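First comes the structure, then the notes that go with it.
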Amino acid sequence: MGVNYIWDFMIAAERSGWEKRDVVFEAARIFSPYMELSPYELNASIERRVEMNPLYRFDDILGGLADMNLDADTELREALFDIIVHFLADIDRMQGMNRREFYIQFILRDIKEGRFGKRIQEHIQLFEREQQEWIARNMLQLHETGEALHWYKDTLRMAYPSCLVYANCEARDEIIVVLGVPETLDDRNRADLIRDLFLPLRFHLELYWERHFGIIGIGETMAIGSTALY
């Protein structure tokens with residue numbers, strides 16, 4: 001797996017779709033003195049238990065709970081061991097975060113708790129974890145810079161790398177977007193979330209999916225049967 005620390009494992013587990021409660025840490029009976037973890041492969045078909053060397057970094061905290069010479073209250077000690085290791089993993093991760101990363105996590109938490117509305121709360125789940133963090137990071141940068149169109153386009157291209165974005169600000173504030181993918185309900189909801197979070201209300205949005213609208217003089221956009229009307 002390439003992970004040796006409890007914080008490293010938890011990040012890998014979350015990126016694989018696991019919740020914290022899915023992971024159970026237990027004291028390893030046989031372990032290398034040079035490694036903190038002896039993890040199983042991240043695989044949903046196996047029991048999600050991770051063996052940990054309690055002496056590697058946390059002997060003062062975990063040594064008593066993991067003492068092999070103790071036979072009493074085994075279930076209680078195992079439960080406390082798991083709870084404490086999860087707590088230590090959270091501390092590990094917070095110590096490695098700077099202030100901006102905290103802000104990003106606060107924004108993401110607010111979204112998931114419904115503070116930006118129920119529709120945003122539901123639709124954020126359509127994005128992968130790294131994409132969710134990208135969205136929260138761009139929301140922070142929007143707050144700092146006020147450059148709504150820039151961060152709208154950046155977020156849209158994160159979700160739809162082949163999309164094309166046109167701005168028509170001569171006659172009216174209008175954004176024309178060609179996503180380059182088939183229209184589905186999930187993709188409609190993703191595009192709506194990005195619009196709602198980043199695009200100012202004064203802008204009119206024209207959204208196209210697989211077909212590009214025709215532009216006179218550009219042959220690639222004027223193919224019969226493959227052109228959308230604008």
Side-chain angles (χ1 to χ4, degrees), residues 11 14-17 93-94 96-223 226-230:
I11 290 174
E14 288 174 13
R15 287 177 176 172
S16 298
R93 293 180 64 175
M94 287 189 290
M97 295 173 68
N98 60 33
R99 185 170 64 176
R100 288 187 62 81
E101 290 171 327
F102 270 111
Y103 289 159
I104 289 167
Q105 295 305 317
F106 289 155
I107 292 171
L108 199 53
R109 182 196 63 189
D110 286 349
I111 290 175
K112 292 183 176 181
E113 290 181 354
R115 291 186 172 88
F116 288 83
K118 186 171 181 60
R119 186 167 66 170
I120 299 294
Q121 179 187 30
E122 293 174 349
H123 293 172
I124 194 67
Q125 304 302 326
L126 299 173
F127 295 88
E128 297 176 357
R129 182 175 179 83
E130 290 184 358
Q131 293 177 319
Q132 293 176 9
E133 292 181 352
W134 189 302
I135 291 170
R137 184 179 299 108
N138 280 1
M139 290 176 65
L140 177 60
Q141 294 183 115
L142 170 61
H143 173 74
E144 293 172 341
T145 67
E147 296 290 338
L149 289 184
H150 173 80
W151 298 116
Y152 170 73
K153 289 188 287 185
D154 184 83
T155 308
L156 200 63
R157 286 171 178 150
M158 172 275 296
Y160 302 98
S162 62
C163 75
L164 298 171
V165 182
Y166 303 90
N168 177 16
C169 298
E170 293 182 1
R172 58 174 174 169
D173 290 330
E174 181 179 51
I175 298 295
I176 306 166
V177 174
V178 183
L179 291 178
V181 298
E183 181 177 5
T184 65
L185 178 59
D186 283 352
D187 279 305
R188 166 66 69 175
N189 290 334
R190 289 189 190 98
D192 286 348
L193 178 142
I194 297 172
R195 177 201 63 200
D196 292 343
L197 289 178
F198 293 96
L199 197 61
L201 291 175
R202 73 176 187 275
F203 279 87
H204 173 72
L205 176 64
E206 287 286 345
L207 194 61
Y208 295 86
W209 295 90
E210 288 182 276
R211 296 184 177 184
H212 198 290
F213 56 89
I215 302 176
I216 296 174
I218 301 180
E220 291 84 352
T221 69
M222 299 295 287
S226 300
T227 300
L229 297 178
Y230 170 60

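Computed from a predicted structure; not experimentally measured. In what follows, every heavy atom counts, from backbone to side chain, and hydrogens, waters and symmetry copies are set aside.
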Sequence neighbours excluded, which residues qualify as side-chain hydrogen bond (donor to acceptor under 3.5 Å, both in side chains) partners of [X]?
X      : value
Tyr160 : Asp187
His143 : none
Glu147 : none

Which donor-acceptor pairs under 3.5 Å do side chains of residues 107-117 form with protein atoms, sequence neighbours excluded?
| unit_1 | atom_1 | unit_2 | atom_2 | d |
| --- | --- | --- | --- | --- |
| Asp110 | OD1 | Arg115 | NH1 | 3.3 |
| Lys112 | NZ | Gln132 | OE1 | 2.9 |
| Glu113 | OE1 | Arg115 | NH1 | 2.2 |
| Glu113 | OE1 | Arg115 | NH2 | 3.4 |

Rounded to the nearest 0.5 Å, what separates atom [atom1] in [X] from atom [atom2] in [Y]?
X      : Y      : atom1 : atom2 : value
Leu156 : Leu207 : CG    : CG    : 8.0 Å
Asn138 : Glu144 : CG    : CD    : 11.0 Å
Trp134 : Phe127 : CH2   : CZ    : 12.5 Å
Arg188 : Leu126 : CZ    : CG    : 13.5 Å
Ile104 : Arg137 : CD1   : CZ    : 4.5 Å
Ile135 : Trp151 : CD1   : CH2   : 14.0 Å

Could you give me the CA-CA distance, side-chain angles and deciding distance for Val177 and Leu164, then say whether side chain to side chain contact (heavy atoms under 4.5 Å, CB included) is met? CA-CA 6 Å; Val177 174; Leu164 298 171; over 6 Å; no
Using the rule given for side chain to side chain contact (heavy atoms under 4.5 Å, CB included), can you reason through Tyr208 versus Leu179, listing the C-alpha separation, both sets of side-chain angles and the distance that settles it, and then say yes or no? CA-CA 6 Å; Tyr208 295 86; Leu179 291 178; over 6 Å; no
Verdict with reasoning, Ile175 to Val165, per side chain to side chain contact (heavy atoms under 4.5 Å, CB included): CA-CA 7 Å; Ile175 298 295; Val165 182; 3.9 Å; yes
Please tabulate, for the side chains in residues 193-202, all donor-acceptor contacts under 3.5 angstrom to protein atoms that are two or more places apart in sequence or on a different chain.
| unit_1 | atom_1 | unit_2 | atom_2 | d |
| --- | --- | --- | --- | --- |
| Arg195 | NH1 | Asp192 | OD1 | 3.4 |
| Asp196 | OD2 | Arg119 | NH2 | 2.7 |
| Arg202 | NE | Asp173 | OD2 | 3.1 |

Could you go through Leu140 and Arg100, starting from their C-alpha distance and side-chain angles, then the distance that decides it, and tell me whether this counts as side chain to side chain contact (heavy atoms under 4.5 Å, CB included)? CA-CA 9 Å; Leu140 177 60; Arg100 288 187 62 81; 3.6 Å; yes
Whether Arg93 and Glu101 form a salt bridge (side-chain N of Lys/Arg under 4.0 Å from carboxylate O of Asp/Glu) is what I want to check.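 A salt bridge is absent here (no side-chain N lies under 4.0 Å from a carboxylate O).
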Candidate pair Gln125 and His123, rule side-chain hydrogen bond (donor to acceptor under 3.5 Å, both in side chains), full reasoning: CA-CA 5 Å; Gln125 304 302 326; His123 293 172; over 6 Å; no
Taking salt bridge (charged side-chain N to carboxylate O under 4.0 Å, His left out) as the cut-off, I'd like each qualifying pair that reaches into residues 123-132, sequence neighbours left out, listed once.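 As it turns out, the salt bridge (charged side-chain N to carboxylate O under 4.0 Å, His left out) pairs with a partner in residues 123-132, which skip direct neighbours, are Glu14-Arg129, Arg15-Glu130, Arg129-Glu133.
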What pair of heavy atoms forms the shortest contact from Arg157 to Cys163, and how long is it?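 Heavy-atom minimum between the residues: CG-SG, 3.5 Å.
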